[in-house]
Amino acid sequence: MAAAGTGHENWSSRTAFILAAVGSAVGLGNMWRFPAEAGENGGGAFVLFYIFCVLLIGLPVLLSEVLIGRHGQANAPESVRRVARDSKASEGWSILASMGVFAAFLILSFYCVVGGWVVYYIGVFVSDLFQTGLSGGAFEGRAASDIEGLLPGLFGNGGLMVGLNLGFLAVTMFFVARGIASGIEWVAVYLMPLFFVLFLGITIYGAFTGNFSDAVAYLFTFDFSKLTGEVMLAAVGQAFFSLSLGVAGMMTYGAYANRDTNLAETSGIIAGADTAVAMLAGLAIFPIVFAAGLSASVGPGLMFQSLPIAFQAMPFGSLIGLAFFVMVFFAALTSSVSLLEAPTAYVFEKFSFSRPVATLIVGLGAAVLGVLSSLSFNEIAEFRPLGFIPTFAEANFFDALDGVTAKLFMPIGAILTCIFVGWIADAKLIDDENGLDGVLHQTWRVLVRFVCPVALTVILLVGLFG
Ligand code: PHE
């Protein structure tokens, strides 16, 4: 149903908005990237600095994004334009959101590639469940190297990679094409609670059957000698990705929020839930991995290679493995839906296409890039699309998109958002939207005006040239 005067659908309730935004935030970033990054960057020091980044940089930027959306009540560039117009500022600021929309499109294309791997592992565990039965460990009688080889095996099969990628994208498109109430909100309202149930179950399982105390010690023992510049940079980047910031996604979702929603409170809930899930993901994965005597610092292979090996020695291994990847699938889908919604809302409002047609246009674009990303692990592994830029000289197609969005688009988008909200937009307009007062309001303003833009500029420069 279109909300009065906005010309578009709104969330049916504050809870729906929170579930959708938490759904956007909680995704592969929490389940796959966070534990891998924490493991590669020495555990506790990374975790502590990550929390610090969420509070001091992530949360203020998140509030800035949703408030722009809520004031503008339109797709992200149009929302920025309206805030600028109401502030008597240049409408050219909308470029910050246009860049964001483009970045969301780029991220969508490779996010669905990884979404495809998740689907592959669901298939692996389903077939294993039939082979090894319910109660024993997973992959009975198979060598660890065999299980580890599943991922490279998949990478070597271009047809399957492309098929899984496009399948995941198609499911995402299906829900976005259906609109807010019966699509995006529907996935969030049904899948997020299911996600939380599965997630709690697996964390408790890990705590009882795995090496929980070592995992806690690993994640929460702060060894400050490990806090290098590189670790800090990884932590900020991860915080941004995990909170879905800098790419217009949260602006787009903010536009569907009702006037009476307190945005500061809601942003706090979103950031809190996202961070809690990241921490718990560590507490779910590391006990299982440590119990199997495996290393924490293997990077991206942690979830796709180490964890399946670890399930081999666990009671009900195939079943838990299956539940785990189904849960990750739910989390990934609610995120990919938000990545597709940002560009779709733009195309559909700007060019007056119907929503399904807009979804199809954006989805087809993402499919083309996705095929190139899917093939960049084997068939076109030597292709270096950004070979002329030193920082990205070695990156294949997938890594180039990942690098450009994380190192360029996200920080630049966030810096411009902070400058726009903190310095350019009318202070009264911003204050009417943000739901803050007293000390919190003062603190937020200082963070948005000074701390965030300066910190983000340092991050941008070090990320590019450091
Ligand atoms: N936050 C999502 C995750 O953690 C990814 C994402 C980034 C979604 C940017 C939307 C926008 O997986």
Side-chain angles (χ1 to χ4, degrees), residues 18-38 50 53-54 58-59 61-62 65-66 69 75-76 97 99-118 168-169 172 175-176 184 187-188 191-192 195 199 234-254 267 270-282 300 303 327-346 362 366 401-414 417:
I18 292 176
L19 283 172
V22 170
S24 168
V26 171
L28 294 166
N30 304 61
M31 310 306 302
W32 173 53
R33 261 184 83 168
F34 178 80
E37 293 271 341
Y50 175 84
C53 293
V54 168
L59 191 52
V61 175
L62 174 61
E65 290 199 13
V66 285
N75 65 80
M99 279 176 44
V101 163
F102 184 60
F105 165 73
L106 296 181
I107 297 177
L108 171 74
S109 73
F110 68 84
Y111 201 86
C112 289
V113 173
V114 186
W117 307 349
V118 174
F168 190 90
L169 177 62
T172 306
F175 287 108
V176 171
I184 300 176
V187 215
L191 297 192
M192 285 318 283
F195 165 84
F199 188 46
V236 194
Q238 174 59 24
F240 255 71
F241 185 82
S242 193
L243 289 172
S244 308
L245 297 178
V247 300
M250 287 297 183
M251 273 180 212
T252 309
Y253 273 17
S267 304
I270 299 166
D274 184 64
T275 308
V277 171
M279 301 296 133
L280 280 173
M303 186 177 97
M327 162 188 96
V328 176
F329 173 77
F330 289 165
L333 186 64
T334 51
S335 298
S336 63
V337 157
S338 73
L339 285 164
L340 177 56
E341 174 61 10
T344 299
Y346 173 72
V362 179
L401 286 186
D402 183 13
V404 163
T405 47
K407 290 190 167 155
L408 268 175
F409 280 96
M410 283 190 161
I412 293 178
T417 303

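Because the structure is a prediction, the values reported are computed rather than measured. Both counts, for ligands and for their atoms, begin at 1 and track the order of listing.
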*Asks:* Donor-acceptor pair, distance only, cut-off 3.5 Å: does the side chain of N30 make one with the backbone of D274?
*Replies:*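 Yes, N30 side chain to D274 backbone: donor-acceptor pair under 3.5 Å.
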*Asks:* Starting from the N and O atoms of ligand 1, collect every protein N/O partner closer than 3.5 Å and put each pair on its own line with the distance to 0.1 Å.
*Replies:*
unit_1: ligand 1; atom_1: 1 (N); unit_2: S24; atom_2: O; d: 3.2
unit_1: ligand 1; atom_1: 1 (N); unit_2: A25; atom_2: O; d: 3.0
unit_1: ligand 1; atom_1: 1 (N); unit_2: F241; atom_2: O; d: 2.8
unit_1: ligand 1; atom_1: 1 (N); unit_2: S242; atom_2: O; d: 3.1
unit_1: ligand 1; atom_1: 1 (N); unit_2: S244; atom_2: OG; d: 3.0
unit_1: ligand 1; atom_1: 4 (O); unit_2: A25; atom_2: O; d: 2.8
unit_1: ligand 1; atom_1: 4 (O); unit_2: G29; atom_2: N; d: 3.3
unit_1: ligand 1; atom_1: 4 (O); unit_2: N30; atom_2: OD1; d: 3.3
unit_1: ligand 1; atom_1: 12 (O); unit_2: L28; atom_2: N; d: 3.1
unit_1: ligand 1; atom_1: 12 (O); unit_2: G29; atom_2: N; d: 2.8
unit_1: ligand 1; atom_1: 12 (O); unit_2: Y111; atom_2: OH; d: 2.5

*Asks:* Backbone N or O of A239 within a donor-acceptor pair of the S242 side chain at under 3.5 Å?
*Replies:*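 Between the backbone of A239 and the side chain of S242 there is no qualifying donor-acceptor contact (under 3.5 Å).
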*Asks:* Just jot down the ring-ring contact (aromatic ring centres under 6.0 Å, His included) partners of F240, sequence neighbours excluded, or say none.
*Replies:*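 Per chain and number, F240 pairs via ring-ring contact (aromatic ring centres under 6.0 Å, His included) with no residue.
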*Asks:* Counting distance only, does the side-chain N/O of Y346 pair as donor-acceptor with the main-chain N or O of A97 below 3.5 Å?
*Replies:*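 No; zero donor-acceptor contacts below 3.5 Å.
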*Asks:* Is there a donor-acceptor contact under 3.5 Å from the side chain of T252 to the main chain of A248?
*Replies:*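 Between the backbone of A248 and the side chain of T252 there is a qualifying donor-acceptor contact (under 3.5 Å).
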*Asks:* Sub-3.5 Å donor-acceptor pair from the side chain of S24 to the main-chain atoms of A20, do we have one?
*Replies:*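 Pair absent, no side-chain N/O of S24 close to backbone of A20.
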